[in-house]
Amino acid sequence: MKPAYVGDEYRMHKIFPAVIIVLLVLFSSMASSRDNLLPHNLNLNSALTCRLVGGLTREQRSVCHEAADTAAVAFEGLQLAVKECQHQFRWHRWNCSSLTTKSSNPHASAIMKRGFRESAFLYALTAAGVAHSVARACAQGRLLSCGCDPLGYRAAHDPRGRKRVNKWEWSGCSHNLAYGIDFSKKFLDVREKMDDLQSKINLHNNVAGRSILSSHMEVRCKCHGLSGSCQLRTCWRATPDFRIVASTIKRQYRKALMVAQEELNNGYSVLRGRPRGRRRSRARPAPKTSLLFFEKSPSFCEADPKMDSAGTSSRVCRIGRTSRTGSCDLLCCGRGHALMRKSSIKPCNCTFHWCCRVDCERCHDDKWIAVCK
Ligand SMILES: *[C@@H]1O[C@H](CO)[C@@H](O)[C@H](O)[C@H]1NC(C)=O
Ligand SMILES: *[C@@H]1O[C@H](CO)[C@@H](O)[C@H](O)[C@H]1NC(C)=O
């Protein structure tokens with residue numbers, strides 16, 4: 001093993017001075033220009049992120065290294081999508097909890113490798129989340145490669161379609177939707193390099209999520225003029241609150257179309273779907289915003305890591321109407337539920353004393369909750 005040792009020593013001698021030079025150059029460039037401090041740090045951290053985030057494909061890693069700061073914002077968009085998924089599915093058997101535990105990348109989860117209705121929802125939501133975060137970051141000046149949407153919004157009408165009487169102009173800083181959508185395509189669509197049906201469906205659902213985002217863009221305006229007389233209005237185009245986008249995608253999830261089995265076998269490239277339960281109806285082209293899936297979802301009643309299912313035992317459920325989402329009947333899969341007392345201590349009967357003290361009593365707060373067996 002002697003030659004190897006010599007080789008290592010040789011390499012160390014060669015590399016060590018180089019490392020010191022790199023560090024010196026970095027340090028001096030940071031010190032010489034304070035303005036550069038932030039972008040430098042950001043790029044170093046972002047480049048590290050590209051390496052640390054799990055489940056990226058080789059193509060995604062290269063996009064990440066090319067545009068590390070934009071990719072860092074894209075990861076924020078993915079986290080936003082995970083958070084919204086957990087909100088939208090909080091009363092469902094599958095509740096997106098598996099997406100946070102493993103890697104910070106939802107695309108690494110088992111469910112996104114499947115063709116379930118839930119997978120379709122996630123593809124649309126993550127594609128919209130990335131576009132949303134990048135579009136906003138551009139307008140906030142957080143990225144060097146983009147700024148406000150230069151075209152802004154050139155409609156002659158307000159969002160309700162009425163003609164404006166007052167003088168106004170599009171001069172605000174519009175969220176850069178076009179840039180956000182481009183990056184979402186570049187960063188997520190590149191995962192789907194197989195020419196199979198699953199990739200086509202994933203791409204379709206990505207497009208659906210981004211179209212839903214585009215169709216909910218808002219116009220925001222600010223009034224100018226003497227004491228708010230609104231003689232002049234400045235307007236810009238803004239991405240909606242992401243909750244609105246997620247709720248719309250959730251509605252599409254309910255009416256998602258199953259891609260017919262025979263088309264799966266034949267591998268047709270044109271995606272057609274039909275609503276669930278209407279077997280006789282003729283297949284028709286799926287609109288851009290509808291979600292497509294090709295695999296029947298499991299019940300998600302039992303724990304099964306292969307399907308990202310944690311099972312529903314010990315989940316809190318709602319007593320009452322049996323058909324309601326989150327009802328103990330639906331959530332507990334017929335196993336029944338147990339009532340549990342949940343006690344906590346909360347501040348109560350607070351009084352405010354001038355000035356400035358608040359005194360509270362400590363109260364026991366006992367609640368009965370239902371938990372699936
Ligand atoms: C989601 O399900 C998991 C596993 O069953 C559970 O631990 C978690 O509390 C649930 N989250 C919500 C918000 O109900
Ligand atoms: C709060 O104050 C009210 C009136 O002073 C009293 O009747 C009540 O018992 C107090 N609540 C608790 C939980 O101590």
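Note that the structure is predicted; figures quoted are calculated from it, not measured. Just so you know, ligand 1 is whichever comes first in the structure, and atom 1 is the first atom listed for that ligand.
- Checking Arg117, Arg114, Lys113 one by one against Glu295, the salt bridge (Lys or Arg N to Asp or Glu O under 4.0 Å) holds for a single residue, Arg114.
- Residues satisfying the salt bridge (Lys or Arg N to Asp or Glu O under 4.0 Å) test with Arg210, not counting sequence neighbours, are Asp189.
- Here the two cysteines Cys96 and Cys85 have their SG atoms closer than 2.5 angstrom.
- Within the structure, salt bridge (Lys or Arg N to Asp or Glu O under 4.0 Å) pairs that include any residue of residues 47-57 do not occur (at least two apart or interchain).
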Go ahead and list the nitrogen or oxygen contacts between ligand 1 and the protein that come in under 3.5 Å, distances to 0.1 Å, or just say none.
unit_1: ligand 1; atom_1: 2 (O); unit_2: Asn95; atom_2: OD1; d: 3.2
unit_1: ligand 1; atom_1: 2 (O); unit_2: Asn95; atom_2: ND2; d: 2.4
unit_1: ligand 1; atom_1: 5 (O); unit_2: Gly311; atom_2: O; d: 3.3
unit_1: ligand 1; atom_1: 11 (N); unit_2: Asn95; atom_2: ND2; d: 2.8

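- In this structure Cys350 satisfies the disulfide (SG to SG under 2.5 Å) test together with Cys360, sequence neighbours excluded.
- Arg136 has no carboxylate O lying under 4.0 Å from a charged side-chain N of Glu76, or vice versa, which leaves the two without a salt bridge.
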